[in-house]
Amino acid sequence: MRYFLVGSNHAETKYRVLKIDRTEPKDLVIIDDRHVYTQQEVRELLGRLDLGNRTKMGQKGSSGLFRAVSAFGVVGFVRFLEGYYIVLITKRRKMADIGGHAVYKIEDTNMIYIPNDSVRISHPDEARYLRIFQNVDLSSNFYFSYSYDLSHSLQYNLTVLRMPLEMLKSETTQTRQESFDIFEDEGLITQGGNGVFGISSEPYMKYVWNGELLDIIKNTVHRDWLLYIIHGFCGQSKLLIYGRPVYVTLIARRSSKFAGTRFLKRGANCEGDVANEVETEQMLCDASVMSFTAGSYSSYVQVRGSVPLYWSQDISTMMPKPPITLDQADPFAHVAALHFDQMLQRFGSPIIVLNLVKEREKRKHERILSEELVAAVTYLNQFLPPEHTIIYIPWDMAKYTKSKLCNVLDRLNVIAESVVKKTGFFVNRPDSYCSILRPDEKWNELGGCVIPTGRLQTGVLRTNCVDCLDRTNTAQFMVGKCALAYQLYSLGLIDKPNLQFDTDAVRLFEELYEDHGDTLSLQYGGSQLVHRVKTYRKIAPWTQHSKDIMQTLSRYYSNAFSDADRQDSINLFLGVFHPTEGKPHLWELPTDFYLHHKNTMRLLPTRRSYTYWWTPEVIKHLPLPYDEVICAANLKKLVVKKFHKYEEEIDIHNEFFRPYELSSFDDTFCLAMTSSARDFMPKTVGIDPSPFTVRKPDETGKSVLGNKSNREEAVLQRKTAASAPPPPSEEAVSSSSEDDSGTDREEEGSVSQRSTPVKMTDLGDSAKVTENVVQPMKEVYGINLSDGLSEEDLSIYLRFVQLGQSQHKQDKSSQQFCSRCPDGVIKLTPISAFSQDNIYEVQPPKVDRKSTEIFHAHIQASQGIMQPLGKEDTSMYREYIRNRYL
């Protein structure tokens with residue numbers, strides 16, 4: 001009795017097989033045969049298994065193999081008091097695209113009990129543990145990617161993982177265990193040595209949420225089976241700048257250390273991990289060239305987290321604001337030292353602390369935290385080198401909000417400018433030539449680290465209030481808005497590193513940050529944001545006040561009645577609590593304090609110095625983050641793998657466009673995502689379609705559909721009015737026990753329903769209908785393109801073309817070099833005379849005669865002209881039907 005788990009790549013050309021034994025009642029026995037199968041080989045293997053396990057004729061049931069479930073990946077394995085369960089991803093939805101690498105959100109999962117019923121040893125409390133474990137809703141904001149490491153920042157992935165291979169040869173050795181398949185290297189040698197090397201790294205386990213679930217199989221199966229998931233937020237929108245697509249991506253990674261709910265997890269644990277710690281990264285990429293090698297990418301990272309002290313709030317009093325209590329005296333700031341040491345190691349220096357808690361109160365409440373935090377930072381800074389000290393910025397945001405004379409966002413903008421100038425940001429290309437010709441004075445003051453290939457962010461902003469929800473999200477938005485301006489300027493998309501409110505670009509970015517804040521607030525506090533950016537701008541509509549009251553009541557109810565159950569579920573899911581026979585159950589524990597504070601159960605082996613509180617190796621490499629420094633300890637985390645040059649796994653064109661799949665433009669993710677031109681730009685823009693133009697609130701694209709609820713209602717009505725059948729739900733492939741395999745069909749859900757802008761009109765009894773918005777060409781472009789050009793315009797255009805031809809001349813040697821490239825490969829040829837500018841022309845691969853004939857036949861078929869089928873076509877079709885259905 002076994003389960004066979006068959007996994008494949010996207011193109012379904014390579015397969016691996018796992019054998020899971022079902023005869024062990026409490027142990028997990030998994031066998032990886034370490035061989036890569038072709039599609040024909042895996043069909044033959046499963047066919048032999050099916051034939052060999054068939055029962056004798058005449059007995060009940062004649063099939064020896066049947067499909068149990070289809071899935072997109074393995075979340076992990078878990079055991080409570082009986083046997084093991086396997087957790088599988090059965091539905092997914094694409095949420096973002098980063099350099100051709102897809103990022104998916106888990107939509108649905110399935111838990112399968114592994115041991116057979118004949119060997120199952122029942123336990124009365126098993127079902128209760130199963131319910132508690134399933135209270136962690138994996139379909140709620142859990143994300144994964146097959147080919148991109150979501151646990152690391154873009155800066156790490158584009159610097160450490162792209163270092164020259166010669167630097168690794170002295171430190172890493174390619175062993176059989178790392179290669180894992182004895183046939184992989186031999187196959188590359190027989191193919192003429194057309195191998196390329198790729199570098200992969202271990203994930204940053206602090207932001208991985210299924211690390212405990214995969215731990216039992218990590219050393220026994222091939223690394224391709226290990227699919228690490230993160231929890232938090234992922235959103236992506238398209239900013240169209242005169243037709244040039246720029247993707248703005250926001251990814252939030254929630255820490256799995258000391259994780260929990262609002263009032264039950266406050267402060268820090270004994271290892272320096274703080275509650276509600278979230279790393280937010282905003283990425284910007286020029287989508288006209290999507291590869292990491294030739295494209296332009298930029299990112300900026302900031303962090304939120306609870307105040308790193310031993311403190312808590314007693315919720316047994318049922319007060320809206322329970323009193324804040326300092327649980328332990330920490331005169332030497334031991335826990336804060338551990339926390340800031342972690343940050344120096346991951347982000348480098350300077351670490352900037354923006355503290356938004358209240359400083360003046362009639363009754364001492366939040367000020368307790370402020371006083372303790374400033375004392376801890378002051379103590380720790382005594383021993384750091386002056387150039388790497390922690391920068392502490394206290395600012396009572398609530399006090400400024402109540403004042404009618406002060407503008408909160410103006411003050412935050414000043415803080416944001418100073419922060420971004422100190423930390424800098426990451427960009428993977430040198431300064432553009434236009435920035436060198438016309439440098440901005442603010443650009444020259446920018447911090448960070450300048451390298452030949454671009455810039456690195458060194459240091460990070462750490463923002464906190466009491467809950468790290470409403471005030472923190474607004475402050476992070478203002479810092480992100482300032483960083484976005486610098487990112488756009490570095491890519492040569494704007495002439496000054498400044499962005500104004502009420503522009504399409506900022507509105508798009510603000511909506512991303514509001515969705516980001518709502519999602520994180522629901523995860524930690526139980527409700528959406530109470531105070532938003534519009535609240536602090538004092539332009540929120542009057543209906544927003546009633547919504548704020550409802551969100552406050554929702555947050556209070558969640559904290560009072562449901563947070564304890566959610567905390568138990570998180571503790572069980574993350575492996576903080578392991579059910580054990582003969583010991584108290586999870587629901588019998590009076591508190592989980594000792595589970596998260598390991599020093600309460602045993603003495604820690606070493607104790608940090610009170611003065612030299614940092615890790616020695618970290619301080620040597622500042623301001624660079626130690627995790628990104630090339631040293632022996634970091635090189636051990638890297639694995640070098642050899643691929644064939646034309647393998648599907650490293651072919652970004654096949655990975656992104658999937659030419660082997662039948663796809664529809666309506667379901668294409670890049671068309672379905674939020675777009676500045678469709679969702680924010682006014683439908684009548686005259687001659688100024690720029691997303692950086694300040695517009696009145698009533699002339700934005702949002703006014704066509706109103707607020708979010710109206711847009712959703714419009715989408716719902718358009719969906720019900722459509723005569724076409726709904727798209728099929730996404731079905732999984734190749735993780736099954738059957739030999740047939742299909743192509744995955746993406747269910748884009750509600751995202752794909754926003755592909756057409758609509759306008760709402762009232763008819764009669766408030767009945768609403770939708771209609772396509774079609775504007776005259778004159779209103780959209782400012783000119784009528786069908787009219788002929790004037791002589792003056794034509795002469796200007798000719799001069800522009802001549803200038804471009806003279807600037808974009810290429811050397812004959814480079815053209816000869818490009819001509820030697822093999823056919824079938826798309827070539828990107830630099831056409832700019834300026835080496836710093838990243839401008840390319842594309843030479844498409846040559847198409848042979850047979851492919852041309854097939855394409856012409858396809859075009860004729862769409863016109864009703866069908867080609868006669870030959871014997872080879874008929875036999876191929878019969879073979880397909882026989883293998884697929886018979």
Task: Ring geometry between Phe258 and His596 (parallel below 30°, tilted from 30 to 60°, perpendicular above 60°) - done: perpendicular

- [ ] Name the orientation class of the two ring planes belonging to Phe509 and Tyr513 (parallel below 30°, tilted from 30 to 60°, perpendicular beyond 60°).
- [x] perpendicular

Looking at [X] versus [Y], is the centre-to-centre ring distance below 6.0 Å?
| X | Y | answer |
| --- | --- | --- |
| Trp209 | Tyr228 | no |
| Phe477 | His516 | no |
| Tyr310 | His334 | no |
| Phe80 | Tyr85 | yes |

TODO: Can you spot which of Ile230, Ile106, Ile229 makes a side chain to side chain contact (heavy atoms under 4.5 Å, CB included) with Tyr143?
DONE: Ile230

If I compare all heavy atoms of [X] with all of [Y], which pair ends up nearest, and what's the gap?
| X | Y | value |
| --- | --- | --- |
| Val208 | Ser151 | CG2-CB, 4.1 Å |
| Thr389 | Pro350 | O-CB, 4.5 Å |
| Thr458 | Gly448 | OG1-CA, 3.5 Å |
| Gly517 | Asn473 | CA-OD1, 3.3 Å |
| Gln282 | Leu250 | CB-CD1, 3.7 Å |
| Gly305 | Asn464 | O-CB, 3.1 Å |

Rounded to the nearest 0.5 Å, what's the gap from [atom1] on [X] to [atom2] on [Y]? Could you check?
| X | Y | atom1 | atom2 | value |
| --- | --- | --- | --- | --- |
| Ile352 | Met343 | CD1 | CE | 10.0 Å |
| Phe233 | Ile251 | CZ | CD1 | 10.0 Å |
| Thr474 | Glu514 | OG1 | CD | 8.5 Å |
| Leu154 | Asp149 | CG | CG | 11.5 Å |
| Asn571 | Phe577 | CG | CZ | 9.0 Å |
| Thr463 | Leu354 | OG1 | CG | 5.0 Å |

Are [X] and [Y] within salt-bridge range, i.e. N to O under 4.0 Å?
| X | Y | result |
| --- | --- | --- |
| Arg367 | Glu359 | no |
| Glu107 | Lys105 | yes |
| Lys481 | Glu510 | no |
| Asp467 | Arg266 | yes |
| Lys364 | Glu371 | yes |
| Arg253 | Glu281 | yes |

Open item on the list: Checking side chain to side chain donor-acceptor pair (under 3.5 Å) between Glu277 and each of Arg304, Arg462, Lys206, which is the one that passes?
Closed with: Lys206

TODO: Could you walk me through whether Leu499 and Leu484 pass side chain to side chain contact (heavy atoms under 4.5 Å, CB included), step by step?
DONE: CA-CA 8 Å; Leu499 285 178; Leu484 181 66; 3.8 Å; yes

- [ ] Please identify each residue that fulfils ring pair (Phe, Tyr, Trp, His ring centres under 6.0 Å) with Trp614, with sequence neighbours left out.
- [x] Tyr612

Show me the donor-acceptor pairs, under 3.5 Å and distance only, between side chains in residues 130-137 and residues at least two apart or in other chains.
residue : atom : partner : partner atom : Å
Asp137  : OD1  : Ser139  : N            : 3.1
Asp137  : OD1  : Ser139  : OG           : 2.6
Asp137  : OD2  : Ser139  : OG           : 3.2

Kindly indicate whether the side chain of [X], heavy atoms from C-beta on, has any atom under 4.5 Å from the side chain of [Y].
| X | Y | answer |
| --- | --- | --- |
| Phe332 | Arg608 | no |
| Thr519 | Leu522 | no |
| Leu309 | Asp330 | no |
| Tyr207 | Ser255 | yes |
| Val377 | Leu373 | yes |
| Tyr626 | Leu344 | no |
| Lys265 | Val274 | no |

Flag for [Y]-[X]: side-chain donor and acceptor within less than 3.5 Å:
| X | Y | answer |
| --- | --- | --- |
| Asn276 | Ser306 | no |
| Gln155 | Glu628 | yes |
| Glu271 | His597 | no |
| Asp627 | Tyr156 | no |

So, the side chain of [X] versus the backbone of [Y]: is there a donor-acceptor pair under 3.5 Å, distance only?
| X | Y | answer |
| --- | --- | --- |
| Arg566 | Gln523 | yes |
| Thr615 | Glu617 | no |
| Gln457 | Val301 | yes |

Task: Arg346 NZ/CZ over Tyr204 ring centroid, <6.0 Å and within 45° of normal - done: yes

- [ ] Please step through side-chain hydrogen bond (donor to acceptor under 3.5 Å, both in side chains) for the pair Asp273 and Gln342, ending with a clear verdict.
- [x] CA-CA 9 Å; Asp273 302 308; Gln342 287 182 14; 3.3 Å; yes

Open item on the list: Let's go through Gln236 and Thr249 carefully: what are the C-alpha distance in whole Å and the side-chain angles of both, what is the deciding distance for side-chain hydrogen bond (donor to acceptor under 3.5 Å, both in side chains) to 0.1 Å, and is it a yes or a no?
Closed with: CA-CA 4 Å; Gln236 189 173 57; Thr249 312; 2.8 Å; yes

Task: side-chain hydrogen bond (donor to acceptor under 3.5 Å, both in side chains) partners for Lys358, two or more places apart - done: none

Open item on the list: So for atom NZ, which belongs to Lys257, do other residues, nucleotides or ligands contribute more than 12 heavy atoms lying within a distance under 6.0 Å?
Closed with: no

